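Report on the following structure.
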Amino acid sequence: MKLAYWMYAGPAHIGTLRVASSFKNVHAIMHAPLGDDYFNVMRSMLERERDFTPVTASIVDRHVLARGSQNKVVENITRKDKEERPDLIVLTPTCTSSILQEDLQNFVDRASMDSESDVILADVNHYRVNELQAADRTLEQVVRFYIEKSKKQGDLNLTKTEKPSANILGIFTLGFHNQHDCRELKRLLQELGIEINEVIPEGGSVNNLKNLPRAWFNLVPYREVGLMTAIYLEKEFGMPYVSTTPMGVVDTATCIREIEKILNSFDKDVVVDFESYIDKQTRFVSQAAWFSRSIDCQNLTGKKAVVFGDATHAASMTKILAREMGINVACAGTYCKHDADWFKEQVQGYCDEVLITDDHTEVGDLIARIEPSAIFGTQMERHIGKRLNIPCGVISAPVHIQNFPLGYRPFLGYEGTNQIADLVYNSFTLGMEDHLLEIFGGHDTKEVITKSLSTEEGLTWTSDAQAELSKIPGFVRGKIKRNTEKFARENNISEINIEVMYAAKESLNA
Amino acid sequence: MSAMTSDTLTFECETGNYHTFCPISCVAWLYQKIEDSFFLVIGTKTCGYFLQNALGVMIFAEPRYAMAELEEGDISAQLNDYQELKRLCTQIKQDRNPSVIVWIGTCTTEIIKMDLEGMAPKIEQEIKIPIVVARANGLDYAFTQGEDTVLAAMVERCPGETKLSEQSQDKGSSKQNFSSTKGLFSILNFNKKAAADTQPQEAEDYIDHPPLVLFGSLPGPVVSQLTLELKRQKIKVSGWLPSQRYTDLPAVGKGVYVCGVNPFLSRTATILMRRRKCKLIGAPFPIGPDGTRAWVEKICSVFNVEPIGLAERENKIWEGLEDYLQLVRGKSVFFMGDNLLEVSLARFLTRCGMIVYEIGIPYMDKRYQAAELALLEKTCQEMGVPMPRIVEKPDNYNQIQRIRELQPDLAITGMAHANPLEARGISTKWSVEFTFAQIHGFTNARDILELVTRPLRRNNSLEGLGWTSLVKEGVLSN
């Protein structure tokens, strides 16, 4: 058992549902108790989705528990088949219903006999993988299912497209700025003269999956989701893939060069050279390279930052801050524990320390200890930053409604570099403002009160002190509490009573 | 539709696939209500992610609730749950030192048959903090019923008969003993000073009647308003379940009258009657001026009090609502069903002049809601509108087809359906807003109408722009 207040990645079925509902005309059936279907709320509310989320919960209640769920699940699958005529129905349990160990595969087999739609059971272990891993796996499972189906039917088309083309893998619903990134990637590829073959799963049709092998290569912008599919397609059809995230000026160039190499490796008449494109974009189109040279960014030199997020965004952000802006990344971290080795290798040399954890208190304590000038993290770090009065730019999922801005805000490609530069600049105390404060001697007197956010020191408050504390108006209560505890710690007092409170107050006034 | 011309209430149970929040969501308001509590939800990542995301509450500073996340080792019984829970509770004691830890059992603890009720007393002994166990699971309950499971469990912890006899002794002997029974005498949510000020006059202010305890979690100001409403009739509220502090739970036992303020508390009502031999006052719920008046009247009638000035008060409130009423009169509303407040809200909106097409509701306890249902029926007759159909455990897909047919002016829905319906030109209001807003009592009737009329007022201001349907197929637009 684990005491948890906050999670960076959700449970496995959320990943599965994100992939399933991103495809066009795919319906998901959840085998779950009442209330487990809040995915519909997340998608409809966070993404402001206009359409009904194509997810139906086949509710497990006492009655169903007593009788077994087979009839109900099968009935719900065949019913959806008739009502919505989807191409594919994906059945998934949740953490809870997976414990029932019902033979869901058997239900699927039975239901597919009476359904026009294809029916599959999402094959994930709900206690071993998280949302991201499950999404990666489900995408691969769906792709594999349709490739194999086509193989059987003999309509698999392996001829490469005439012009260079790419599949973009891993753009999906509730992703961090995925929609905007996708638009930016399409533009980038188009400018390089590369056609888009398929984008999956967002807006893709499962019936077109058989066309995947026609592309010259696969682009996996985020390694959390899509990598398994890319590896499968490489194994199966020898399709090369690029998994360098085009985030930041340097890595966008690296990504483009990798694409160049792949295109030139084909035995076709095509020989491409993207160097002049990269140079033009870097120096004149993207404002980010110029920003690095500007006086504003100069003032950011050596400022301390902490970066935390999913592996893709945290690694890219660390490299951008350190390499492109001269900011000192005191710590880079990720909650993608399963990808720790890759992450460490990526950020090596760009930061002072590395943190791999999915425990937000550890991240909070680290931030409190380091006291950076800015944080680049998730919504959780933004929250920690608020408590410690440290600005935070949000660079990674878990998503929040703020991550679905109506305007165009990609993180990838050359437009992404501009967005990131803005984010960085606005997150630090504004360069000029900060500079003037130093010149004229004004400075921020707010300081971190404790070096830790959690209270493992075991300070106890007597009931009279607690009562006294509760009389203090809410908006200063937290501050008084922290000041008192700080005083107690400094004086090795373990029990705080009213006397200690007053003593603390007096010592601060002195 | 045949149901619309019926002159008695019709009940159907669709037993469909419907969406509502998980009952563990009750921690979101209960932890704020019971200030010295700590809620420990014992469940999986799915439960935790729900609280964090769908309710968006977990992120707030210094939460007084947490997840005991069950991992693979717990599910396969490789770990000893007793040791694990003890470890977590000890840590909670050290970090937060609450007056009570409420364990919220979930579907998972039900399925793996974790014996929470058996373990709690032992761990309570060891860590010296009361542990209350509530089974707020989605197998048996829906959304707001989570509160019902917690309050029902708390009944067991309310002081009982001995405390009650002390109370009557005190009453007879002296007023100086107030402090010893402050849990019974202090009117909750008045701050201490105010309570002290009013105490000396209490004897004249109230008639002599058996103790009255109200149950249902309401925000502090609403508790004060309802308490005051009864005080106007010289009826004294001995206590509220839950109280602001766990240590101030009201005494309940034989001879105590209890009355609910929320329609989803049937289990708490039953436990109060069966285990504590309390007498339940079955009244409509104090939602809307009509409901509040009926509620006060019913309590008065039980204590043989002739209500003073209630009709005038109700009329006055209605007069004050006239500007909103003009917006809703003759408009139609469809409840998809989510928080079990549907019948009370439908009754109030009918009285406001609206036509209710359908009342979806996750669970209908006809006995506990009897007085409310009777009032709904009476209201429909008096207003000359057809009786709505009441659909228990509705099927959301079928409901959407019905909404398409009926084209109501307003649909009150769960969060998952709001945006898609809006995109198809159907105005919606989130049902959860009524769960979290202050809707009880005379004064707050305005707040209900503020919520209900918001989409209608929005429509008025956007009228003429010509973009009511924002989906290509226009599925529901004609």
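Keep in mind the model is a prediction, meaning the values are calculated, not measured. Within every chain, numbering begins at 1; the chains are lettered A, B, ... in the order of the sequence lines, protein sequences first and strands thereafter.
- Interface remark: A:T56 contributes side-chain atoms only to the contact with chain B (heavy atom separation under 4.5 Å).
- At a 4.5 Å heavy-atom cutoff, the contact between B:Y141 and chain A is made by backbone atoms alone.
- The pair B:R424-A:D51 counts as a salt bridge, with a side-chain nitrogen and a carboxylate oxygen less than 4.0 angstrom apart.
- Of the atoms belonging to B:D395, it is side-chain heavy atoms, and not backbone ones, that fall under 4.5 Å from chain A.
- The parts of B:L70 that come within reach of chain A are both its backbone and its side chain, each placing non-hydrogen atoms under 4.5 angstrom from that chain.
- In this structure, a donor-acceptor pair under 3.5 Å is absent between the side chains of B:H19 and A:N40.
- Across B:T20, B:I92, B:N97, B:T46, the residue that shares the most heavy-atom pairs under 4.5 angstrom with chain A is B:T46.
- A:R62 has a carboxylate O that lies under 4.0 Å from a charged side-chain N of B:E110, or vice versa, which qualifies the two as a salt bridge.
- Proximity to chain A involves both the backbone and the side chain of B:A416, based on heavy atoms less than 4.5 angstrom apart.
- The residue among B:H417, B:E71, B:E35 with the most heavy atom pairs within less than 4.5 Å of chain A is B:E71.
- Taking 4.0 Å as the cut-off between side-chain N and carboxylate O, B:D74 and A:K2 do not count as a salt-bridged pair.
- Interface remark: B:L85 contributes backbone and side-chain atoms alike to the contact with chain A (heavy atom separation under 4.5 Å).
- Neither the backbone nor the side chain of B:N396 comes within less than 4.5 Å of any heavy atom of chain A.
- Contacts between A:H360 and chain B at a heavy-atom distance below 4.5 Å are absent for every atom of the residue.
- Interface remark: A:E131 contributes side-chain atoms only to the contact with chain B (heavy atom separation under 4.5 Å).
- Side-chain atoms of B:N419 come within 3.5 Å of backbone atoms of A:S44 as a donor-acceptor pair (strictly under, hydrogens ignored).
- For the pair A:K80 and B:Y397, the distance from NZ or CZ to the six-membered ring centre is under 6.0 Å and the angle to the ring normal is within 45 degrees.
- Although no hydrogens or angles enter the test, the distance criterion places a donor-acceptor pair under 3.5 Å between the side chain of B:E84 and the main chain of A:M1.
- Classified by interplanar angle (parallel below 30°, tilted 30° to 60°, perpendicular above 60°), the ring pair B:Y49/A:Y38 is tilted.
- Heavy atoms closer than 4.5 Å to chain A are found in the side chain of B:Q91, but not in its backbone.
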